[in-house]
Amino acid sequence: MWLVGPIERFCMEWFALVPADVVTRFYVWQLATYLFLHGGFLHILFNMLGLWFFGKDLEDIWGTRRFLQFYLFCGVGAGIISVLANYLFGSRTVPTIGASGAIYGIFLVAAVLWPDRIIIFYIFPIKLKYFVMILGAIAFFSVAISTAASATSRI
């Protein structure tokens with residue numbers, strides 16, 4: 001984490017998603033609060049850019065309330081998967097932070113609704129369905145090489 005003062009330590013202790021805390025101490029609020037913590041400027045920047053690029057169209061179609069429900073459903077669902085995967089196969093004490101699981105849910109729905117939409121990835125035009133497949137593959141394989149199993153929530 002890029003800030004390590006007493007406030008940041010407090011936030012990480014109480015609001016980051018720690019599988020051991022959720023299972024043994026019943027800190028179930030962490031399934032939602034971890035979405036609002038990020039590990040640095042670039043982490044939050046790319047999450048919010050993804051939310052803006054793809055979430056805006058979904059919000060326009062579904063409305064704000066339904067979109068927010070879907071976003072939180074994806075985030076909490078990713079948190080549950082992260083807790084299960086880390087508790088069973090990873091480290092029970094490694095915290096997970098960030099909204100990446102919810103953002104990947106938005107990417108997936110956007111790719112299902114508009115599979116042939118062309119986006120510009122750096123300088124390359126690519127169909128949205130292929131872009132999301134590439135991001136999913138990167139997330140999946142990053143779990144295999146990552147020392148922290150918290151990346152499983154993105155899948």
Side-chain angles (χ1 to χ4, degrees), residues 1-59 64 67-111 119-126 128 130-155:
M1 200 158 99
W2 52 290
L3 297 173
V4 288
I7 294 173
E8 290 78 16
R9 280 194 295 269
F10 174 81
C11 287
M12 286 297 289
E13 181 179 338
W14 286 96
F15 302 123
L17 182 63
V18 180
D21 289 345
V22 173
V23 174
T24 60
R25 299 164 99 185
F26 304 108
Y27 287 6
V28 292
W29 63 83
Q30 291 181 351
L31 292 169
T33 57
Y34 84 101
L35 292 166
F36 303 102
L37 300 176
H38 287 79
F41 178 73
L42 289 177
H43 187 195
I44 196 167
L45 175 71
F46 286 113
N47 275 329
M48 295 304 103
L49 281 174
L51 180 63
W52 179 46
F53 288 161
F54 300 104
K56 182 180 180 337
D57 292 335
L58 291 173
E59 184 183 13
T64 302
F67 176 75
L68 181 60
Q69 288 172 340
F70 177 75
Y71 178 80
L72 293 174
F73 174 79
C74 288
V76 171
I80 291 169
I81 291 169
S82 180
V83 166
L84 291 173
N86 281 315
Y87 206 81
L88 297 174
F89 307 113
S91 174
R92 298 174 182 171
T93 59
V94 174
T96 299
I97 57 173
S100 298
I103 300 299
Y104 276 93
I106 289 171
F107 286 168
L108 183 63
V109 169
I119 62 167
I120 304 299
F121 183 59
Y122 292 107
I123 60 169
F124 305 105
I126 185 172
L128 184 56
Y130 300 128
F131 175 73
V132 172
M133 284 185 218
I134 291 168
L135 287 180
I138 290 170
F140 179 78
F141 290 114
S142 72
V143 171
I145 61 173
S146 175
T147 57
S150 62
T152 56
S153 66
R154 294 182 192 136
I155 301 173

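Contacts of Tyr122 classified as side-chain contact (heavy atoms from CB on, under 4.5 Å), with partners at least two apart in sequence or in another chain: none. Legend: residues meeting ring pair (Phe, Tyr, Trp, His ring centres under 6.0 Å) with Phe67, ordered by chain and number and at least two apart, are absent. Judged as a side-chain contact (heavy atoms from CB on, under 4.5 Å), and not counting sequence neighbours, Leu88 has no contacts. Contacts of Asn47 classified as side-chain hydrogen bond (donor to acceptor under 3.5 Å, both in side chains), with partners at least two apart in sequence or in another chain: His38, His43, Ser100. Annotation: ring pair (Phe, Tyr, Trp, His ring centres under 6.0 Å) contacts of Tyr87 (sequence neighbours excluded): none. Partners of Ala16 according to the side-chain contact (heavy atoms from CB on, under 4.5 Å) rule, which considers only residues two or more places apart in sequence or in another chain, are Met12, Leu37, Pro95, Ile97. For the side-chain contact (heavy atoms from CB on, under 4.5 Å) test, residues two or more places apart in sequence or in another chain that qualify with Val109 are Leu58, Trp62, Phe70, Leu113.
No donor-acceptor pair closer than 3.5 Å links the side chain of Tyr104 to the backbone N or O of Cys74. A donor-acceptor pair under 3.5 Å links the side-chain atoms of Ser142 to the main chain of Ala139, judged by distance alone.
Scanning all heavy atoms of the two residues, the minimum distance from Glu59 to Thr64 falls at OE2-OG1, 2.7 Å. Scanning both residues, Ile103 and Leu51, for their nearest heavy atoms gives CD1-CB, 3.7 Å. Of all the heavy atoms in Phe131 and Ile126, the pair that sits closest is N-CD1, 3.8 Å. Residues Ser91 and Pro19 share a closest heavy-atom pair of O-CG, 4.4 Å.
Across Val94, Leu31, Leu35, a single residue satisfies side-chain contact (heavy atoms from CB on, under 4.5 Å) together with Leu17, and that is Leu31.
Residue pairs meeting the salt bridge (charged side-chain N to carboxylate O under 4.0 Å, His left out) criterion with at least one member in residues 11-21, sequence neighbours excluded: Asp21-Arg25.
Residues Phe53 and Ile119 have side chains not in contact (no heavy-atom distance under 4.5 Å, counting atoms from C-beta outward). Looking at heavy atoms from C-beta onward, Phe54 lies in side-chain contact with Leu128 at the 4.5 angstrom threshold. Contact check for Leu49 versus Trp52: side-chain heavy atoms found under the 4.5 Å cut-off.
Remark: Ile7 CD1 is loosely packed, at most 12 non-hydrogen atoms of other residues, nucleotides or ligands lying under 6.0 Å away.
Classification of the Trp14-Trp29 ring pair by plane angle, with boundaries at 30° and 60°, yields parallel.
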